[in-house]
Amino acid sequence: MRQEGVVAGVPVEYLSMNSVQSYVFEPAPLPAIPVAGQRERLPVHRIYCVGRNYAAHAREMGKDPDREPPFFFMKPADAIVPGGGRVKYPPGTVDLHHEIELVVALHRGGSDIALGDALEHVFGYAVGLDLTRRDLQSQAKKLGRPWDFGKSFDQSAPVTEIYPAATHGHHAEGKIMLAVNGEVRQQGDLSEMIWSVPETIAYLSQYYELVPGDLIFTGTPAGVGAVAPGDKLVGRIEDLAELSVDIVA
Ligand code: MN
């Protein structure tokens, strides 16, 4: 239940850029993503990511793809790289992996969203990369530690412009692929997701109050692997968009 003047449990006077006259220093810019066909950009609130949402990828990560409840991790909103382009090879890793994913952008929030209403909360879709410091993630798994260092680093979420569902439709199926230097590494179909987009929204909203501007990275098909400075990554989702990223030193 949404209280007046409260967003995700926080009174708006602590959130709104307009109601507060000054800060002790200039706030960081609000992360935002261009929208296809319109001048206004989509302001990013949070980035939720689904883990192991394609059976073949779950298997390659050594897990049984049986339909246990979905699990999530998060990236900071300012991890986005709108439009892709140059991404700096991040520090602290020697095993940076690509994960090509369908990204869902919400324009309506809420808690306990019914499965049948979930798609009405979707503003549009994009193609994104969940860049992963796999060595740090593997170490965290082994030690029972959080995944943040493996997943939630600067520039870890390159994303194309958003294609509104109102004009470009929803994407329950369609080929998803990623090539590195012209060689196809990842291939799958959106229809192979273990948890569909509506199911993911409904489930997530039982644990968080979703807010307009939230993004959901919906998981990656099989074929993840390492990239190096100088590599060119091209990811594509059929009938949606293409994302191009150059890894630079
Ligand atoms: Mn992922």
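Numbering of residues begins at 1 and proceeds along the displayed sequence. Counting convention: from 1, in listed order, for ligands and their atoms alike.
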(request) Tell me who clusters with Phe123, hydrophobic residues only, linked when side chains sit under 4.5 Å apart either directly or through other members. (result) Ile33, Val35, Leu42, Val44, Ile47, Ile80, Val103, Val159, Ile162, Leu215, Phe217
(request) With sequence neighbours excluded, give me every salt bridge (charged side-chain N to carboxylate O under 4.0 Å, His left out) pair touching residues 180-189. (result) none
(request) Output yes when Arg46 and Asp214 qualify as a salt bridge under the 4.0 Å nitrogen-oxygen rule, no when they do not. (result) no
(message) Among residues at least two apart in sequence or on other chains, which ones pass ring-ring contact (aromatic ring centres under 6.0 Å, His included) with Phe71?
(response) Trp147
(message) In this structure, is the centre-to-centre distance between the rings of Tyr125 and His170 below 6.0 Å?
(response) yes
(message) For the Mn ion (ligand 1), what is the number of protein N, O or S atoms at a distance under 2.8 Å?
(response) 3
(message) If the threshold is 4.0 Å, N to carboxylate O, is there a salt bridge linking Asp148 and Lys75?
(response) no
